[in-house]
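Notes to accompany the following structure.
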Amino acid sequence: MSDRKWRTWELVGLLFTIALGNLLHFVYDWSGKNDVVAAFAATNESTWEHMKLLAVPWIVWSLIELPALRRSKNPVLAARGAGLLVGLLAIPMLFYTYQGIVGRNIPPVNIIIFQAAVLLAFWVSWHIQDKRKWSGKPWQWLGGLLLLAAGVLFVLWTYRPPRLAVFIDPLTGQVGPS
């Protein structure tokens, strides 16, 4: 597979992830707060639910991209797993850092943080694939397990969130779907 083809897949994935992630911020309310939709869309304003806005489209795109790139020599699963992990870590790190500095929540900054986390996640994925790093089967398995674990935890902790700061909606003080 040509470099151009997988780069095109990554670029389309970037746009897909940003668009779907932004859309998923509103879908739960639009659905009338449907319990099934809650598994995939943000249900409140907690940091965890904002992380879901990256995780869901990222995992969906990974499932679409993987079969398309299966013949390439690219370490797709390792790259996608690592990219997701970095993007998910970036969201709370950037959010709590800026909030600690300015002392308040600024919604437009939250949107910028989401966009930056998506860009960072794709940069990591792109870099790993471009350099053909982590091509071995153990790395592919680990990347696949990371994607699977993230998917399971985002669904599970939507309905049964731990009582930790990252899960608390700053507007209501509640955890879980509002």
Side-chain angles (χ1 to χ4, degrees), residues 10 12-64 79-127 142-178:
E10 287 289 292
V12 172
L14 170 68
L15 298 174
F16 173 86
T17 302
I18 288 173
L20 184 57
N22 283 312
L23 185 66
L24 288 175
H25 192 277
F26 307 102
V27 170
Y28 177 67
D29 285 336
W30 293 346
S31 75
K33 300 191 176 191
N34 182 288
D35 285 339
V36 174
V37 173
F40 307 103
T43 62
N44 63 44
E45 292 298 320
S46 71
T47 305
W48 178 258
E49 293 295 316
H50 282 87
M51 292 164 65
K52 190 194 299 182
L53 300 178
L54 167 61
V56 169
W58 184 275
I59 293 167
V60 169
W61 185 255
S62 297
L63 292 172
I64 294 168
R80 303 298 293 163
L84 178 61
L85 188 60
V86 169
L88 290 177
L89 290 172
I91 290 171
M93 287 173 45
L94 293 170
F95 176 74
Y96 291 120
T97 299
Y98 103 78
Q99 250 199 341
I101 292 169
V102 300
R104 63 188 181 94
N105 185 5
I106 306 170
V109 175
N110 299 342
I111 295 167
I112 292 167
I113 287 172
F114 168 73
Q115 312 292 337
V118 172
L119 288 171
L120 178 60
F122 269 95
W123 180 83
V124 168
S125 179
W126 182 294
H127 181 73
L142 182 59
L145 286 172
L146 273 169
L147 292 169
L148 178 64
V152 168
L153 289 175
F154 274 97
V155 171
L156 177 67
W157 286 343
T158 291
Y159 301 109
R160 301 177 142 263
R163 188 119 177 106
L164 300 171
V166 73
F167 295 95
I168 298 172
D169 182 337
L171 302 178
T172 66
Q174 302 296 314
V175 296
S178 58

- Item | Output field: ring centroids Trp58/Phe16 closer than 6.0 Å | no
- Item | Residue pair Val166, Tyr96: steps toward the side-chain contact (heavy atoms from CB on, under 4.5 Å) verdict | CA-CA 10 Å; Val166 73; Tyr96 291 120; 4.1 Å; yes
- Task: Would you check if the side chain of Glu49 reaches a backbone N or O of Thr43 as a donor-acceptor pair within less than 3.5 Å?
- Result: yes
- From CD1 (Ile106) to CD1 (Ile113), nearest 0.5 Å: 9.5 Å
- Query: Within a strict 4.5 Å, meaning less than it, do heavy atoms of the His25 and Lys52 side chains meet?
  - Reply: no
- Begin from the C-alpha positions of Tyr98 and Asn110 and carry the test side chain to side chain donor-acceptor pair (under 3.5 Å) through to its verdict. CA-CA 10 Å; Tyr98 103 78; Asn110 299 342; 2.8 Å; yes
- Item | Student check: side-chain heavy atoms of Val27 and Phe40 closer than 4.5 Å | no
- Message: Using the ring centroid of each side chain, check whether Trp30 and Phe26 are separated by less than 6.0 Å.
- Response: yes
- Check step by step if side-chain contact (heavy atoms from CB on, under 4.5 Å) holds for Asn22 and Phe114. CA-CA 9 Å; Asn22 283 312; Phe114 168 73; 3.8 Å; yes
- Message: Test your reading of the model: is there a side-chain donor-acceptor pair from Lys33 to the backbone of Tyr28, 3.5 Å cut-off?
- Response: no
- Between Ile168 and Ser46, is any pair of side-chain heavy atoms under 4.5 Å apart? no
- Determine whether more than 12 heavy atoms belonging to other residues, nucleotides or ligands lie under 6.0 Å from atom CZ of Phe154. yes
- Task: Specify the closest pair of heavy atoms between Pro161 and Phe167, including all atoms of both residues, with the distance to one decimal.
- Result: CB-CD2, 3.7 Å
- Query: Do the side chains of Val109 and Phe95 get nearer than 4.5 Å, heavy atoms only?
  - Reply: no
- Locate the shortest heavy-atom distance separating Ile91 from His50; write the atom from each residue and the value. CD1-O, 4.0 Å
- Task: Could you pull out the closest heavy-atom pair between Pro57 and Leu20, with the gap in Å?
- Result: CB-CD2, 3.8 Å
- Query: Counting N and O atoms only, with roles assigned by atom type, does the side chain of Ser125 sit under 3.5 Å from a partner on the main chain of Ala121, one being a donor and the other an acceptor?
  - Reply: no
- Closest non-hydrogen contact found for Pro177 with Thr158 is CD-O, 3.1 Å
- Query: Does the side chain of Asp169 reach to within under 4.5 Å of the side chain of Thr172, using non-hydrogen atoms?
  - Reply: yes
- Message: Quick check: closest heavy atoms across Trp61 and Arg80, and the distance to 0.1 Å?
- Response: CD1-NH2, 3.6 Å
- Note on the structure: Correct closest heavy-atom pair for Gly87 and Leu54 would be C-CD2, 3.4 Å
- Query: Just how far is it from atom CE of Met51 to atom CG of Leu88, taken to the nearest 0.5 Å?
  - Reply: 5.0 Å
- Message: In the structure I gave you, are the side-chain heavy atoms of Ile18 and Gln115 within less than 4.5 Å of one another anywhere?
- Response: yes
